[in-house]
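Before any comments, here is the structure.
Residue numbers count from 1 along this sequence.
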Amino acid sequence: MQGKIVKGIAGFYYVHDGIGSVYECRAKGVFRNRKEKPLVGDDVEITVLDGESKTGSVDRILPRKNSLIRPAVANVDQALVVFAVTDPEPNLNLLDRFLIMMRMQKVPVIIAFSKADLTDPEGEERLRRIYEYTGCTVCFFSTRKQQGLDRLDGLLAGKTTVLAGPSGVGKSSLTNHLQPEAAMEIGELSRKISRGKNTTRHSELFFVKDGTFVCDTPGFSSIYVDGIEARDLQAYYPEFAEHEDGCRFLGCVHVGERECGVKDAVAAGTIAASRYENYLLIYEELKNKRRY
């Protein structure tokens, strides 16, 4: 039988058959010998050991389209990062760090601002303008008022999406909208692994409908950007590129240079000041790291 790993914990892998059943499986020893580890999101072949208790063994990991390091999940098409428009106020520095991390892993991002019923059109437009040139899709929704959910459904259809964001922004409510039976599935898995169902401790994949999966991940409160040089950070800010012709020096990093097209664009309001300020903060972090 073929299925997809939707959760892995304590040596057990929970495999969804694509219809409605989840099988608790152990991975064969051959994976350990090959130093291979199944990931949430892996498409696998399993042998059903007991159809009544829904147990089995993972025999083979099918070829991966990709795999992420943070969060550890395979075969991802895109990421949906959720921040609230207010309550709590969006931490745009944290959001920008997430965008860098996903761009490093070549994963397209949808930025979804929740609790849209708590702001006005001007508030939405302010946030939209900040991110409209980042290459990300930006949308707003409210699960309480059932606003913007149809568009989100369309953006997620037929894809495997990583759902991420800080705690308290409404990710659980969105998951329950996408998959009303998720609470039942969480409860079933929780009984098997002796975990509560209200806190996401591990990456977990939910089957929404044919070909559509959402990977819920633990809420994050900080992200440290690593793995790139300070001088290369500008490549992770797509909106900088069209203004670099205005830079006097080749290799301008848009920090201390006097004649800089990017700094001019910030002054003119074409590039959001918050994006540039966060760029400077992260640039200094990366630069200072090399001194130690």
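Residue pairs meeting the ring-ring contact (aromatic ring centres under 6.0 Å, His included) criterion with at least one member in residues 142-163, sequence neighbours excluded, do not occur.
Of all non-hydrogen atoms in Val40 and Gly8, the two that sit nearest each other are CG2-N, 3.8 Å. Closest non-hydrogen pair, Val253 versus Tyr279, comes out as O-OH, 2.6 Å. In terms of heavy atoms, Ile61 sits closest to Pro38 at CD1-CA, 3.8 Å. Shown here for Thr143 and Ser173, the closest heavy-atom pair between the two residues is OG1-CB, 3.6 Å. In terms of heavy-atom proximity, Lys171 sits nearest to Gly165 at CE-O, 3.1 Å. When every heavy atom of Leu92 is checked against every heavy atom of Ser274, the shortest pair comes out as CD1-OG, 4.0 Å.
In this structure a side-chain-to-backbone donor-acceptor pair under 3.5 Å is missing from Asp43 to Lys4. In terms of modelled atom types and a separation under 3.5 Å, the side chain of Asp17 and the main chain of Gly3 share no donor-acceptor contact. In this structure, the side chain of Asp50 does not engage the main chain of Thr55 through any donor-acceptor pair within 3.5 Å.
Between atom OG of residue Ser67 and atom CG of residue Asp42 there is a gap of 8.5 Å, rounded to the nearest 0.5 Å. Rounding to the nearest 0.5 Å places CG of Leu280 at 9.5 Å from CG of Leu233. Rounding to the nearest 0.5 Å places CD of Glu244 at 5.0 Å from CD of Gln234. Here the CD1-CG distance, from Ile111 to Leu127, works out to 9.5 Å after rounding to the nearest 0.5 Å. Expressed to the nearest 0.5 Å, how far NZ of Lys263 lies from NE2 of His254 amounts to 10.5 Å. For the atom pair Thr161 OG1 and Leu205 CG, the distance stands at 9.5 Å (nearest 0.5 Å).
Partner Cys215 forms a side chain to side chain contact (heavy atoms under 4.5 Å, CB included) with one of Leu68, Val73, Asn75, Val6 and no other, that one being Val73.
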Q: Step by step, work out the side chain to side chain contact (heavy atoms under 4.5 Å, CB included) result for Phe140 and Arg128.
A: CA-CA 9 Å; Phe140 297 81; Arg128 193 188 307 278; 3.4 Å; yes
Q: Determine, stepwise, if the pair Val22 / Lys7 fulfils side chain to side chain contact (heavy atoms under 4.5 Å, CB included).
A: CA-CA 10 Å; Val22 177; Lys7 193 177 185 73; over 6 Å; no
Q. Going through the checks in order, is the side chain to side chain contact (heavy atoms under 4.5 Å, CB included) test met by Arg275 and Leu99?
A. CA-CA 11 Å; Arg275 287 279 288 166; Leu99 297 186; 3.8 Å; yes
Q: Go through the steps to decide whether Leu49 and Tyr23 satisfy the test side chain to side chain contact (heavy atoms under 4.5 Å, CB included), and finish with yes or no.
A: CA-CA 10 Å; Leu49 301 178; Tyr23 292 81; over 6 Å; no
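Between Pro88 and Lys115 the shortest side-chain heavy-atom distance falls below 4.5 Å. When side chains are defined from C-beta on, Leu95 does not count as touching Asn278, because their heavy atoms never get closer than 4.5 Å. Proximity of His16 to Phe206: side-chain heavy atoms (C-beta onward) are nowhere separated by under 4.5 Å. Side-chain atoms of Arg64 and Leu39, non-hydrogen and from C-beta on, do get closer than 4.5 Å to each other. The shortest distance between side-chain heavy atoms of Met102 and Val76 does not fall below 4.5 Å. By the 4.5 Å heavy-atom criterion applied to side chains, Val85 and Glu124 are not counted as neighbours. Counting heavy atoms from C-beta outward, His243 and Val266 have side chains that stay 4.5 Å or more apart. The closest side-chain heavy-atom distance from Tyr237 to Ile271 is not below 4.5 Å.
Side chains of His177 and Gln146: no donor on one and acceptor on the other come within 3.5 Å. Looking only at atom types and distance, the side chain of Glu239 has no donor-acceptor partner in the side chain of Thr134 under 3.5 Å away. Residues Asp96 and Tyr131 bring a donor and an acceptor atom of their side chains to less than 3.5 Å of each other.
Cluster annotation: Val15 and Met1 are assigned to the same hydrophobic cluster (Ile/Leu/Val/Met/Phe/Trp/Tyr, side-chain heavy-atom contacts under 4.5 Å, transitive). Hydrophobic cluster membership differs between Met104 and Leu281, with clusters built from Ile, Leu, Val, Met, Phe, Trp and Tyr side chains linked at under 4.5 angstrom.
Residues meeting the ring-ring contact (aromatic ring centres under 6.0 Å, His included) test with Tyr13, sequence neighbours left out: none. Among residues two or more places apart in sequence or in another chain, the side-chain hydrogen bond (donor to acceptor under 3.5 Å, both in side chains) test is passed with Ser57 by Asp59. By the ring-ring contact (aromatic ring centres under 6.0 Å, His included) test, Tyr133 pairs with no residue at all, sequence neighbours left out. Listed by chain and residue number, Phe207 satisfy the ring-ring contact (aromatic ring centres under 6.0 Å, His included) test with Phe213 (two or more places apart in sequence, or in another chain).
Checked for salt-bridge contact, Arg129 and Glu132 miss the test: no charged N lies under 4.0 Å from a carboxylate O.
Within 6.0 Å of NZ in Lys65 there are more than 12 heavy atoms belonging to other residues, nucleotides or ligands.
The hydrophobic cluster containing Leu163, built from Ile/Leu/Val/Met/Phe/Trp/Tyr side-chain heavy atoms closer than 4.5 Å, also comprises Leu80, Val82, Ile110, Phe141, Leu149, Leu152, Leu155, Leu156, Val169, Leu174, Leu178, Val208, Val214.
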